[in-house]
Amino acid sequence: MHKSRLFLLTLFLLIVPFGHVGADEDTDLLVYKLNNFDGKPSLILYDPATGEKTSLLTDVDFGGFSLSTDGRLAYSLVENDQRDLYIQDIYMLDQEPVNISNTQDANEDVLSWSPDGRYLAFVLTGKDNIERLYVWDSTASTAFVDITPQDMTDVPEWYDPAWSSDGRLAFTVWYGFTGKYEQSEIYLWDGQATTNLSQNPTDRDEQPAWSDDGRVAFLSAYTEGYDIFVWDGVSFKDDVPNRDTYINIAPKLTAYYSFPAWSPQGQVAFNSQTAHDTHTQIYVWEGATATNISQNPNLHNGIPVWSHDGKMAFVTFFSQAQLLYVHDEHGRILLTTEGQYPPAWSSNGYLIFCRYGWKLMMWDGDEIREIAQSGEISAKWQSGSSVFCSSG
């Protein structure tokens, strides 16, 4: 894979694309994992409104984690060379966490909760060392549900989930390198069945993103080059999404780094570099045309993320200046500051981002404050979006 593409993809994968739904607008809490590589990591709960920090996990070895909108922390605890799933109510920390693992001799890794807190997506690796995608329905007494696709073309290496506001799950299956290309495919789980969404098994499809009204945009090498396709979320043919209804939104502007992001108004932002651009810019498709809205010609700009009220944040990369920009809904610049890696909005307008020195920062609309510093930081809002800061 080309180094620049790998860098951009790594950046984008840090963002969990849950759309604009999630925690109560007054109580979107933050959970972050600190790892200084000189001991076991720790997990901290942070209230952005008050600045209060609460220690959740210390002196234990754990992997993935996710906080539901109703306050249930799911995490993968490593014990005796095995990873099990645990659930802890953050409002009752005096109670013991519950081990919900019900599969012997298997490792489970937490991915993410659905926006309503009903489903937990996770990866289960059995004795055969094959990773499979499961969901746990927290409202049911049934065992874990295996939603792994049955028509995969290779052994899966990982899954990247994207939940819709109504509890559907679009996810990318990564297969790894096959020949000169790294293949991937996008599938859809609707609560009952898993179907193939991208329907392009011999090439690359990735980064599904849900709009507020239930449409899906994704990047695909279905045609020559890379295009962003949009499915309306409702058109099916022979019980699978009807590919004939997909819209190719900007075929002359998209490339391998054009990861889509929906605005609250149903626009799609993506990276592009046209013949008129000396550096990568951010374009927004409004249903008929696409417009350069970054207007930052001397720097590479990328990985746009939208707030619930229509603000856009993005970063510069491969440029002398490593900056974070925030635009309001009218395109006016609200903030320019030092920043790296993709930022993440809370449901109530707080913005977290990384700064050199491996610091986790937060902008509240007025002031910037430092939350934490560590060799590696993974931080996730209760509403789903996340950032990753790393010194390596």
Side-chain angles (χ1 to χ4, degrees), residues 12-32 45 48 64-75 85 87-91 100 110-123 133-140 144-145 147 159-172 186-192 194 197 207-218 231-234 260-266 305-310 342-352 378-387:
F12 193 86
L13 290 178
L14 306 181
I15 305 172
V16 181
F18 279 14
H20 304 280
V21 295
D24 185 291
E25 290 189 356
D26 296 325
T27 59
D28 199 356
L29 301 175
L30 182 71
V31 180
Y32 59 90
L45 177 69
F65 62 93
S66 182
L67 180 62
S68 71
T69 52
D70 58 2
R72 287 174 296 165
L73 174 70
Y75 60 94
L85 294 182
I87 303 293
Q88 173 76 66
D89 189 329
I90 64 168
Y91 300 112
I100 65 168
V110 168
L111 293 178
S112 59
W113 288 98
S114 61
D116 62 0
R118 175 177 177 177
Y119 297 112
L120 177 67
F122 65 95
V123 174
L133 184 61
Y134 278 73
V135 293
W136 174 58
D137 185 346
S138 63
T139 67
F144 299 154
V145 180
I147 66 169
Y159 305 86
D160 284 314
W163 288 100
S164 72
S165 58
D166 61 3
R168 290 180 291 174
L169 181 64
F171 58 93
T172 305
I186 301 172
Y187 289 84
L188 172 72
W189 180 70
D190 62 3
Q192 299 295 326
T194 301
L197 176 61
Q207 311 311 326
W210 292 94
S211 67
D212 285 350
D213 61 4
R215 290 176 289 168
V216 181
F218 63 95
W231 175 53
D232 62 13
V234 295
W262 288 97
S263 77
Q265 293 77 30
V305 292
W306 299 88
S307 71
H308 184 76
D309 60 359
W345 292 100
S346 71
S347 62
N348 51 356
Y350 294 103
L351 182 70
I352 54 172
S378 300
K380 296 183 179 182
W381 288 111
Q382 201 172 7
S383 54
S385 59
S386 63
V387 302

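All values below were derived from every heavy atom in this structure, side-chain atoms included, with hydrogens, water molecules and symmetry-related copies excluded. Remember, predicted model here, so these are calculated numbers, not experimental data.
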With rounding to the nearest 0.5 Å, note down the distance linking [atom1] in [X] to [atom2] in [Y].
{"X": "Leu188", "Y": "Thr194", "atom1": "CG", "atom2": "OG1", "answer": "8.0 Å"}
{"X": "Ser263", "Y": "Asp309", "atom1": "OG", "atom2": "CG", "answer": "11.5 Å"}
{"X": "Ser385", "Y": "Ile352", "atom1": "OG", "atom2": "CD1", "answer": "6.5 Å"}
{"X": "Thr172", "Y": "Tyr159", "atom1": "OG1", "atom2": "OH", "answer": "11.5 Å"}
{"X": "Ile87", "Y": "Leu73", "atom1": "CD1", "atom2": "CG", "answer": "7.5 Å"}

Open item on the list: Pairing donors with acceptors under 3.5 angstrom, does anything connect the side chains of Asp28 and Ser347?
Closed with: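 Yes.
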Say whether, by atom type as modelled, one donor and one acceptor occur between the side chain of [X] and the main chain of [Y] under 3.5 angstrom.
{"X": "Trp306", "Y": "Ala261", "value": "yes"}
{"X": "Ser138", "Y": "Arg118", "value": "yes"}
{"X": "Trp231", "Y": "Leu197", "value": "no"}
{"X": "Gln382", "Y": "Ser68", "value": "yes"}
{"X": "Ser66", "Y": "Ala74", "value": "no"}
{"X": "Lys380", "Y": "Phe65", "value": "yes"}

Task: Which residues share a side-chain contact (heavy atoms from CB on, under 4.5 Å) with Ala170, sequence neighbours left out - done: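 Ala170: side-chain contact (heavy atoms from CB on, under 4.5 Å) contacts with Pro208, Trp210.
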Report yes if the side chains of [X] and [Y] come closer than 4.5 Å at any heavy-atom pair, otherwise no.
{"X": "Ile90", "Y": "Leu29", "answer": "yes"}
{"X": "Leu111", "Y": "Leu133", "answer": "yes"}
{"X": "Gln207", "Y": "Pro260", "answer": "yes"}
{"X": "Asp212", "Y": "Trp262", "answer": "no"}

If every non-hydrogen atom of [X] is compared with every non-hydrogen atom of [Y], which pair is closest and at what distance?
{"X": "Gly117", "Y": "Thr69", "answer": "N-OG1, 4.0 Å"}
{"X": "Ser165", "Y": "Pro115", "answer": "CA-CG, 4.5 Å"}
{"X": "Ala379", "Y": "Tyr32", "answer": "CB-CB, 3.7 Å"}
{"X": "Gly71", "Y": "Leu67", "answer": "C-CD1, 3.8 Å"}
{"X": "Val387", "Y": "Pro342", "answer": "CG1-O, 3.3 Å"}
{"X": "Trp381", "Y": "Pro48", "answer": "CZ3-CG, 3.8 Å"}

- [ ] Using the side chain to side chain contact (heavy atoms under 4.5 Å, CB included) rule, pick out the option among Leu120, Leu85, Val110 that qualifies with Trp136.
- [x]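 Checked Leu120, Leu85, Val110 against Trp136; only one passes side chain to side chain contact (heavy atoms under 4.5 Å, CB included): Leu120.
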Anything under 30° is parallel, anything over 60° is perpendicular, the rest tilted; go ahead and classify [X] against [Y].
{"X": "Phe144", "Y": "Phe122", "value": "perpendicular"}
{"X": "Trp189", "Y": "Trp163", "value": "perpendicular"}
{"X": "Phe171", "Y": "Tyr187", "value": "parallel"}

Task: With Asp89 via side-chain hydrogen bond (donor to acceptor under 3.5 Å, both in side chains) - residues at least two apart - done: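 Testing Asp89 for side-chain hydrogen bond (donor to acceptor under 3.5 Å, both in side chains), a comparison that skips the adjacent residues, returns none.
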Open item on the list: Salt bridge or not between Arg168 and Asp166? Use side-chain N to carboxylate O under 4.0 Å.
Closed with: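 Result for this pair is yes, salt bridge flagged.
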